[in-house]
Every structure is written in structure tokens, then in C-alpha cells.
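Beneath this line is the structure, given in C-alpha cells, with notes to follow.
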Amino acid sequence: MSSPTDRPPARQRRRTRATRARILDAALRELGRNPDSSLGDIAEAAGVARRTLYTHFAGRAALVRGLAEDAMRAIGHAMADASALDAGPDSVRGAGEGSGPDTASGSGSASGPGSASGSGSAGSGSGPDTASGSGTASGSGTAFVPGSASDPASVSAPGPGSASAPAADHDPASALARFVLTLWPVGDAYRTLIGLAPQDLGPDHLSELLAPARETVAGILAEGQRRGVFHAVVPPGPLSAAVEAHLLALLGTVNAGIWADDGSGAATSALIAAGVDSATATATVRRLHDPGRLPAARRHQ
């Protein structure tokens with residue numbers, strides 16, 4: 001059993017993590033440009049030797065797994081940031097803090113939708129010298145309880161001159177729009193995974209990756225159907241899957257370079273898909289969307 005003195009110095013651990021992050025950034029760029037990019041291409045783009053890349057990732061599948069784990073942590077961070085919006089901008093900046101350079105994950109990286117240990121926990125056990133972490137999405141979702149900490153609708157949007165939103169914003173339509181606006185930067189940052197995950201990780205891995213978000217959206221939709229805000233043609237679960245497929249398709253068009261969006265178009269179309277009329281959907285997203293307030297996707301933390 002190793003002793004604390006056997007651990008590499010803190011500076012070396014920070015350098016190792018920085019190298020791993022650089023490799024993953026290069027992988028996103030190169031695989032987004034050409035899904036058939038070789039590990040040699042990625043190593044060159046990252047400015048490291050191939051043997052250095054293999055120190056961190058045993059092969060292509062391990063590298064894509066690393067991207068998926070980062071995406072899961074980013075989803076957890078985004079949900080923590082969304083919850084912190086209710087407490088003001090200082091809380092948004094503080095959400096996810098605690099994951100310093102010498103820790104694989106901090107308190108924020110363990111935050112998932114409506115829980116203290118959600119999708120961000122997928123990164124647990126994945127240090128800079130391992131090819132993959134736990135990679136599971138189970139246990140990330142929580143039941144939707146209106147008005148509670150697990151209620152995405154309880155996250156308020158900014159109102160003029162105040163950090164809190166008016167009570168009118170606490171409705172399922174606002175909750176769904178806010179959810180999409182908050183998660184869109186993460187999806188945009190990791191949209192390359194849409195094509196890579198089925199090919200490199202298996203058909204079920206993308207579904208596992210998105211499970212926490214799917215469960216949260218299903219809860220919002222169920223509450224919206226109960227209140228008559230969303231249509232009830234199909235149950236919440238299938239409707240959530242349909243909205244998910246719709247958003248993934250939109251991300252696919254962004255990845256193909258035929259559309260660009262800051263999240264407002266995606267959020268508006270998600271509301272319309274759920275049964276909100278176009279004028280109300282547009283007004284809801286316009287009221288909530290503030291690019292300066294919504295946190296950007298945070299990666300490699």
C-alpha cells in the first residue's frame with residue numbers, strides 16, 4: 001500500500017492534468033473536423049508525443065470515453081450553476097468551486113440535476129493518469145417537486161434591476177426554457193460526441209450520458225401537463241425523448257455548420273415541441289435569455 005510520500009508532487013499533478021485537458025481539447029477540435037482523425041493527428045494538434053497521449057488514454061475508445069466523462073461533469077456543473085442563479089451572480093460564480101487543480105472533482109463537480117451527487121459524479125475515480133472513470137449516469141435524476149430545490153422552475157431568471165425573477169417565472173414553460181438555455185452551451189461544446197458516442201462507445205452510451213437531463217425534463221413536462229401548460233398527447237417520458245431527439249438534431253446541424261444558435265432558438269423550439277404556442281414560447285425565452293448571466297460550459301475541472 002502506497003504512503004502519502006509516494007504521491008507525485010502537486011506541481012507534477014497539475015502539469016499532468018493540464019496535459020490531459022490539452023489532449024481532450026485537441027480531440028474535440030480534430031474529431032469535430034474529421035471523425036476519422038488518428039491518435040497521431042490528435043497528439044500533434046495537442047503538441048504532445050504519441051506516447052504521452054497513450055499515457056493518458058489507452059486508445060481511441062478511452063479518449064472518447066474521457067470526452068464523455070468531461071461532458072457528464074460539465075452537465076453537473078451546468079445544473080449546479082442553474083440552481084445558483086436563484087441566489088444571484090455571486091453564487092453562480094461559486095457553483096462548482098472546490099475542484100482545485102489537485103482534486104479530480106470538487107463539490108460542484110458532484111452536483112447533478114437537483115441533487116448533491118448527480119451527473120457530475122461520473123468523473124469520480126478518473127484522474128489524469130487513468131483512461132476512464134465510472135462513466136455511469138445512474139442515480140443522477142431526481143423527482144420533480146415544484147417549488148423545491150429539485151424543481152428546475154425554482155431557478156429564477158433575472159428581472160430588471162434585481163437578481164431574482166418575479167413569481168410568474170416559476171412555471172413549467174420557464175423551467176423548460178431555462179433548462180435548455182443552461183444546457184445548450186454544454187451541448188454545443190461537446191456536440192462532437194453526438195456522432196462519436198454510438199460508433200466508439202456503443203449505442204447506449206449517449207443515452208446513459210443524457211439520462212439525468214432526460215429525467216429532469218420528463219419531470220418538468222409532467223408538471224406542465226398537469227397544469228395544462230404542455231400538451232398531453234404523449235406521456236412525459238416519450239415526450240422528453242422526443243424533445244431530446246429534437247435538440248440533438250439541432251446540435252447536429254450546428255456541428256455540420258448549417259445553423260448557429262446561442263440557445264434561444266433551441267429553447268423556443270423545445271417549448272413549441274412541448275405544446276406552447278409560438279408567441280408565448282418566444283416571449284418566455286426572450287424574458288429568460290441573458291447571455292451575460294447564463295454561465296458558459298465549464299470543462300476539464
Side-chain angles (χ1 to χ4, degrees), residues 65-85 95-96 99 105-126 132-146 148-155 172 175-191 193-194 197-198 201-224 236-248 251 263 266-267 270 274 294-295 297-299 301:
R65 229 177 359 254
L67 291 174
E69 289 158 7
D70 268 8
M72 293 184 77
R73 281 193 291 273
I75 290 172
H77 281 307
M79 297 310 301
D81 286 340
S83 297
L85 283 173
S99 53
S105 63
S107 58
S109 64
S111 300
S115 68
S117 59
S119 59
S121 63
S124 60
S126 60
S132 65
S134 57
T136 63
S138 60
S140 304
T142 58
F144 177 85
V145 181
S148 71
S150 64
D151 179 0
S154 67
V155 181
L176 180 58
R178 190 179 297 109
F179 184 90
V180 176
L181 287 169
T182 304
L183 268 292
W184 184 262
V186 178
D188 189 38
Y190 291 94
R191 62 181 184 268
L193 283 173
I194 296 173
L201 302 178
D204 297 329
H205 198 89
L206 184 62
S207 180
E208 293 174 2
L209 176 67
L210 298 173
R214 183 184 301 127
E215 292 171 14
T216 299
V217 170
I220 296 173
L221 293 173
E223 178 64 14
L239 182 57
S240 176
V243 171
E244 174 189 307
H246 177 67
L247 293 173
L248 288 176
L251 280 172
L294 289 169
R298 289 182 285 148
R299 293 152 56 191
Q301 298 192 17

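Heads up: numbering here begins at 1 and tracks the sequence.
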Distance in Å, [X] [atom1] paired with [Y] [atom2], rounded so as to fall on 0.5 Å steps:
{"X": "His246", "Y": "Leu251", "atom1": "NE2", "atom2": "CG", "result": "10.5 Å"}
{"X": "His77", "Y": "Thr182", "atom1": "NE2", "atom2": "OG1", "result": "14.5 Å"}
{"X": "Leu209", "Y": "Asp204", "atom1": "CG", "atom2": "CG", "result": "12.5 Å"}
{"X": "Tyr190", "Y": "Leu67", "atom1": "OH", "atom2": "CG", "result": "7.5 Å"}
{"X": "Ile220", "Y": "Glu215", "atom1": "CD1", "atom2": "CD", "result": "12.5 Å"}
{"X": "Thr216", "Y": "Leu183", "atom1": "OG1", "atom2": "CG", "result": "8.5 Å"}

Give me the atom names and distance for the closest heavy-atom approach of [X] to [Y].
{"X": "Leu176", "Y": "Ala270", "result": "CD2-O, 4.0 Å"}
{"X": "Ala177", "Y": "Ala267", "result": "O-CB, 3.9 Å"}
{"X": "Ala71", "Y": "Val186", "result": "O-CG1, 4.2 Å"}
{"X": "Glu244", "Y": "Leu210", "result": "OE2-CD1, 3.7 Å"}

Q | Side chain Ser240, main chain Val217, donor-acceptor under 3.5 Å | A |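 No, because the side chain of Ser240 does not come within donor-acceptor range (under 3.5 Å) of the backbone of Val217.
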Q: Could you list the residues that satisfy side chain to side chain contact (heavy atoms under 4.5 Å, CB included) with Ala266, not counting sequence neighbours?
A: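 Once residues adjacent in sequence are excluded, the partners of Ala266 under the side chain to side chain contact (heavy atoms under 4.5 Å, CB included) criterion are Val180, Trp184, Leu247, Leu250, Asp261.
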Q: Check whether any side-chain heavy atom of Pro236 sits under 4.5 Å from a side-chain heavy atom of Glu223, and report yes or no.
A: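 Result no, sub-4.5 Å side-chain heavy-atom pair not found.
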